[in-house]
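Structure first, commentary second.
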Amino acid sequence: MTAITATEAPSLPLPLPLLHSTVIDWYEASKRDLPWRTPDATPWAVMVSEFMLQQTPVKRVLPVWRAWLTRWPTPADLAAEAPGEAVRMWGRLGYPRRALRLHAAAVAITEEHGGGVPDDHATLLSLPGVGEYTAAAVASFAFRQRHVVLDTNVRRVFARAVTGVEYPAIATTAAERRTATALLPDDAATAATWAVGVMELGALVCTARGPECGDCPLFTACAWQRAGRPPYEGPARRGQTYEGTDRQVRGKLLAVLREAHGTVPQARLDAVWPDAVQRARALDGLVADGLVEPVEQGVYRLPQ
DNA sequence: CAGGCGTGGAA
DNA sequence: TTTCCAAGCCT
């Protein structure tokens with residue numbers, strides 16, 4: 001029989017409690033001072049940050065997050081508004097369907113959960129726009145519960161430090177989840193700090209490009225470092241073109257609707273893209289997604 | 001489950 | 001300039 005299977009992950013040459021304290025101590029000394037991490041940040045404030053941070057960098061999220069929480073300090077405040085107001089407030093964060101889903105989540109919280117952000121993972125997962133990651137993040141960061149929080153940062157840290165490869169697979173694997181589960185501290189409060197600490201390590205030090213290994217608290221333990229930092233060997237990562245896609249057209253159309261207050265005539269939309277077929281397809285898509293509402297023939301607006 | 005879904009900044 | 005990436009979700 002073979003001695004070692006290919007899927008068996010090497011483990012860190014570090015006792016678990018020492019691994020935990022190493023990352024947590026580094027986090028306490030090096031963490032960014034982000035407003036959704038302050039003690040007075042409400043679960044709603046945490047949840048809003050998680051929606052906005054899905055695929056959008058912290059720097060761009062900060063001003064929108066502040067404006068959002070000022071205008072809508074509770075889920076009920078947002079739920080009382082038209083979804084189009086959420087889309088407008090979302091501004092240029094990208095993926096505006098997130099704004100619609102956040103609004104829908106606020107409605108569900110208000111109407112079905114007594115107005116408070118749910119504190120259990122399963123209920124969070126049932127909300128629009130909340131997937132496995134966001135449910136775990138809100139439960140962990142806002143309610144200090146013990147959950148595997150597996151985002152792109154954490155996956156990269158574990159890929160390097162534990163498995164010894166430069167990048168994780170494109171899709172999350174069962175093996176990754178087992179690794180993350182095995183490393184999770186038993187105590188809930190410690191697990192919550194560990195989760196945010198590993199994420200922060202991935203965001204600040206163990207970055208996708210140009211990791212600052214000299215500053216890494218796991219430098220001597222890291223499997224990738226010990227293996228001589230072998231380059232990534234997996235399949236090419238999906239490089240998406242953007243110029244000329246429907247996504248770009250949708251973005252241009254929605255920008256017109258966002259910046260206009262009230263209705264917009266067809267001609268204003270026609271001006272943003274020369275190809276009438278693609279333009280119509282993009283507009284149809286926006287309407288189908290609920291991001292745009294037809295008012296009458298040739299007149300559109302954000303959803304009321 | 002692979003692909004669609006925005007936007008802007010850094011390498 | 002081009003490419004890659006940034007706390008994913010949904011179908």
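Residue numbering restarts at 1 for every chain, and letters A, B, ... go by the order of the sequence lines.
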Discussion item. Just to verify, which of A:Gln145, A:Glu132, A:His147 counts as forming a side-chain hydrogen bond (donor to acceptor under 3.5 Å, both in side chains) with A:His121?
Written reply: A:Glu132
Practice prompt. Output yes when at least one side-chain N/O atom of A:Tyr133 is less than 4.0 Å from OP1 or OP2 of C:dC9, else no.
Written response: no
Fill in: Integer-rounded Å distance: C:dC4 P and A:Glu166 CD
13 Å
Worksheet item: Quick one: which of B:dA11, B:dG6, C:dA7 gets closest to the side chain of A:Arg247?
Response: B:dG6
Worksheet item: Expressed in whole Å, how much space separates the P atoms belonging to C:dA7 and B:dG4?
Response: 23 Å
Worksheet item: Taking atom P of B:dG4 as reference, at what distance in whole Å does atom CG of A:Leu100 sit?
Response: 21 Å
Worksheet item: What nucleotide among C:dC5, B:dG6, C:dA7 has an atom nearest to a side-chain atom of A:Tyr167?
Response: C:dC5
Worksheet entry | A:Arg160 (side chain) donor-acceptor with A:Trp224 (main chain) under 3.5 angstrom | no
Fill in: Whole angstrom value for the distance that separates P of B:dG8 from CG of A:Leu93
10 Å
Fill in: Interatomic distance at C1', C:dC10 relative to B:dC1, whole Å
11 Å
Discussion item. Whole angstroms only, please: what is the CG-P distance between A:Leu124 and C:dG8?
Written reply: 17 Å
Worksheet item: For C:dA7, does either OP1 or OP2 sit under 4.0 Å from a side-chain N or O belonging to A:Gln54?
Response: no
Discussion item. Once you apply a heavy-atom cut-off of 4.0 Å, does A:Trp90 come out as touching a base, just sugar-phosphate, or nothing?
Written reply: nothing
Fill in: Minimum-distance nucleotide to A:Val58 side chain [options: C:dC5, C:dG8, C:dA7]
C:dA7
Practice prompt. Grab the CG-C1' distance between A:Leu286 and B:dG4 for me, whole Å please.
Written response: 13 Å
Item to complete: Figure out the CH2/P separation between A:Trp65 and C:dA6, and round it to whole Å.
Response: 23 Å
Worksheet item: DNA chain B: A:Thr56 or A:Ala171, which has the more 5' nearest nucleotide?
Response: A:Ala171
Discussion item. From the set C:dG8, C:dA7, B:dC5, return the single nucleotide nearest to any side-chain atom of A:Arg97.
Written reply: B:dC5
Worksheet item: Reckon A:Arg32 touches a base, only the sugar-phosphate, or nothing at all at heavy-atom distances under 4.0 Å?
Response: base
Worksheet item: Which heavy atom of A:Ala169 sits nearest a heavy atom of A:Arg155, and at what distance?
Response: O-NH2, 2.6 Å
Worksheet item: What are the two closest heavy atoms between A:Trp273 and A:Gln278, and how far apart are they?
Response: NE1-OE1, 2.7 Å
Item to complete: Choose from C:dA7, C:dA6, C:dC4 the nucleotide whose nearest atom is closest to any side-chain atom of A:Pro57.
Response: C:dA6
Discussion item. Under 4.0 Å, heavy atoms only, any strand: does A:Ala208 hit a base, just the sugar-phosphate, or nothing?
Written reply: sugar-phosphate
Worksheet item: Between atom CE in A:Met199 and atom C1' in C:dA6, what is the gap in whole Å?
Response: 11 Å
Discussion item. Please determine whether any donor N or O and acceptor N or O are separated by less than 3.5 Å between the side chain of A:Arg209 and the base of C:dC5.
Written reply: no
Discussion item. For a quick test of reading the model: is some side-chain N or O of A:Arg92 closer than 4.0 Å to OP1 or OP2 of B:dG8?
Written reply: yes
Worksheet item: Does A:Arg60 put a side-chain nitrogen or oxygen below 4.0 Å from OP1 or OP2 of C:dA7?
Response: no
Response to the item:
Here the distance between atom C1' of C:dC9 and atom CD of A:Glu132, to the nearest Å, is 12 Å
Discussion item. Base, sugar-phosphate or nothing for A:Thr245? Non-hydrogen atoms, less than 4.0 Å.
Written reply: nothing
Discussion item. Strictly distance-based, threshold 3.5 Å: is any side-chain N or O of A:Ser49 a donor or acceptor partner for the main-chain N or O of A:Val46?
Written reply: yes
Worksheet entry | Sole residue of A:Leu257, A:Val256, A:Val295 in side chain to side chain contact (heavy atoms under 4.5 Å, CB included) with A:Tyr300 | A:Leu257
Worksheet item: Across the strands shown, which category fits A:Val130 at heavy-atom distances under 4.0 angstrom: base, sugar-phosphate, nothing?
Response: sugar-phosphate
Worksheet item: If you look at every heavy atom in A:Ser140 and A:Ala195, which pair is closest and at what distance?
Response: OG-CB, 4.0 Å
Fill in: Position toward the 5' end of DNA chain B (nearest nucleotide), A:Arg101 or A:Gln248
A:Arg101
Discussion item. Taking any heavy-atom pair under 4.0 Å as a contact, classify A:Arg37: base, sugar-phosphate, or nothing.
Written reply: base
Worksheet item: Out of C:dG8, B:dT7, C:dC5, which nucleotide sits closest to the side chain of A:Thr134?
Response: C:dG8
